[in-house]
2 protein chains.
Amino acid sequence: MSTDAAISALAQDAELRTWSLIVTIFGDLARAPGAEIPGPVLSAITGRIGVKPEAMRVALHRLRKDDWLTSRREGRVSHYLLTEAGRAESETATGRIYATRPATPERWHLLVAGPMDQAQRLEQDGALAARGYIAVAPGTWLGPGPAPAEVGAMLAFEGHPAAVPGWLRAELMPPALETAYARFADSLEAAIAALGAAAVSPLDRAVLRVLIVHGWRRLVLRHPDLPEAFFPESWTGPRTRRLVHGLLDRLGKPSVAEVSADLAEV
Amino acid sequence: MSTDAAISALAQDAELRTWSLIVTIFGDLARAPGAEIPGPVLSAITGRIGVKPEAMRVALHRLRKDDWLTSRREGRVSHYLLTEAGRAESETATGRIYATRPATPERWHLLVAGPMDQAQRLEQDGALAARGYIAVAPGTWLGPGPAPAEVGAMLAFEGHPAAVPGWLRAELMPPALETAYARFADSLEAAIAALGAAAVSPLDRAVLRVLIVHGWRRLVLRHPDLPEAFFPESWTGPRTRRLVHGLLDRLGKPSVAEVSADLAEV
């Protein structure tokens, strides 16, 4: 009962697109090369969150078509695993998702463009965003680390921010995202309270982990990875991050075999 | 003859507004508190450059009215000296004019403004320019030293420039000013060649110094005081500066009394 309440607390506000949930499941439970998840285990995890079998079939079809997942059949059971491309994308996001602290580069650089028209600036914005730059003003971008050797016709300025104003903090962390962080922190606290010190089955540990990682991933990947000084002082990000890691540690990570064995017992 | 040729070389391209020339004379020869220049010495220096007595009267009248100069009468001779205000302004410019090298701060800071309309930006531009900032892009300013503690709603970023692009160099040193530097360097070289190793009278030393300092002042005060890396590579500033200081050293600085005694001999 207490586990059900914890699952509801985490699932109620979550936007759970099935294919995205499956991506999170593989990222958390089967990211290692060659790691597989049997179809029944996938279905048990998503079913526990209320995903219908038909939605699962559609999502798995789509993920195979997009070269995220592949599968092999063993008797009547399909075993799913990430493709090389899927695994690479999963690994890229993993650093941000599981990091216990934000990026804290000591050096930064600003790039300042010369006079350009709107179209040129949009193009430049796109090119620099793809390289991880943050637009701090029209024609001015912030990037981590030292300035690259080749910056074209831009002024490159190396150093560190001495003061980050409110308007920039609000641009980097819009109010809607800040609110989402606070709500997720509340959900995590509700889940922690509901769980108490109860023993949790391997399946439910997997389910809870997936909901936690999925909710966190949807927050953390929606803003640039910057030290806390770049975000509003009212932002609950650090608290939310502590709750995420505390609860993941409390649950521990079940192996796919443990979850599978758990199903067989039911 | 050779001194005349040197004077012509330096005077030919010079824009010699009489009041401005007098400001240069006091800055070079009589900047010390209480230092005076007798009217006949002033007239001899400016006369040697071709300034008419009537133009001198008008200029001296204007400078007195503007509280730059004051005078006292001793018999039939007026003695002129800088007012406190005139001396203060002269001292301010002196650092730039006589510096043997450009400013070389190791630390700089950029200020980046948030979204603002055209009128706000113009106001901000004016306020920051008055405090010595250089606009490097709309809404982005460069200042020497560490960022001030209070920067209002601006992003402050401390460090150093890693790459200065051509468009910024050309903004800081427009082609017309770059050309003026090159022409003044040519004039200095012509003057040096014309002088050779000849002995120069105290009056002519004063006249030549005034032309050199005047020409140099009109260049150096027309752009911000920045390390050479901020200016076009083709800029002849460093060479021009060396020529200025070489020629000033070669001439030495005559005292007003020496120039005065020189007149008495004529």
Side-chain angles (χ1 to χ4, degrees), chain A residues 105-118 120-121 124-125 128 133-174 224 226-233, chain B residues 105-118 120-121 124-125 128 133-174 224 226-233:
Chain A
E106 283 178 20
R107 279 171 98 191
W108 297 85
H109 63 279
L110 284 181
L111 297 180
V112 181
M116 47 170 68
D117 61 32
Q118 189 79 354
Q120 288 173 311
R121 193 158 70 216
Q124 187 78 295
D125 266 330
L128 288 172
Y133 281 89
I134 300 152
V136 293
T140 301
W141 296 270
L142 176 71
E150 185 47 66
V151 296
M154 290 191 284
L155 168 66
F157 193 89
E158 277 180 6
H160 62 274
V164 182
W167 58 265
L168 181 54
R169 293 174 192 242
E171 261 177 40
L172 295 169
M173 178 64 59
L226 293 169
E228 287 164 24
F230 281 91
F231 299 118
E233 284 174 27
Chain B
E106 282 178 21
R107 278 172 98 189
W108 297 84
H109 63 279
L110 284 181
L111 297 181
V112 181
M116 47 171 65
D117 62 32
Q118 188 79 353
Q120 288 172 312
R121 192 159 70 218
Q124 187 78 295
D125 266 328
L128 287 172
Y133 282 88
I134 300 152
V136 294
T140 301
W141 296 270
L142 177 70
E150 186 46 65
V151 295
M154 290 190 283
L155 167 66
F157 192 89
E158 277 181 6
H160 62 274
V164 183
W167 59 264
L168 181 54
R169 294 174 192 242
E171 260 177 41
L172 296 168
M173 178 64 60
L226 293 169
E228 288 162 24
F230 282 91
F231 299 119
E233 283 174 27

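Proteins come first, then strands; the chains are lettered A, B, ... in the order of their sequence lines, and each starts at number 1. Atom set for the values below is all heavy atoms of this structure, side chains included, hydrogens, waters and symmetry mates excluded. All figures in this text were calculated on a predicted structure; none of them were measured in a lab.
Here the side chains of A/Leu142 and B/Phe157 are in contact, with some heavy-atom distance below 4.5 Å.
Among residues two or more places apart in sequence or in another chain, the side-chain contact (heavy atoms from CB on, under 4.5 Å) test is passed with B/Ala229 by none.
Contact tally against chain A (heavy-atom pairs below 4.5 Å) for B/Leu111, B/Val136, B/Leu110: the top residue is B/Leu110. When each of A/Glu171, A/His109, A/Glu158 is scored by its heavy-atom pairs under 4.5 Å with chain B, the top score falls to A/Glu158.
Here the straight-line distance linking atom CG of A/Leu155 with atom CZ of B/Arg169 works out to 10.5 Å at 0.5 Å rounding.
Listed for the A/Trp167 side chain is a donor-acceptor partner under 3.5 Å among the backbone atoms of B/Ala153.
The two atoms that bring B/Pro165 and A/Met154 nearest to each other are CG-C, 3.5 Å, heavy atoms only. Taking each heavy atom of B/Thr140 and A/Thr140 in turn, the nearest pair found is OG1-OG1, 3.3 Å.
Of the atoms belonging to A/Ala113, it is backbone heavy atoms, and not side-chain ones, that fall under 4.5 Å from chain B. With a threshold of 4.5 angstrom between heavy atoms, A/Val164 approaches chain B through its backbone and through its side chain.
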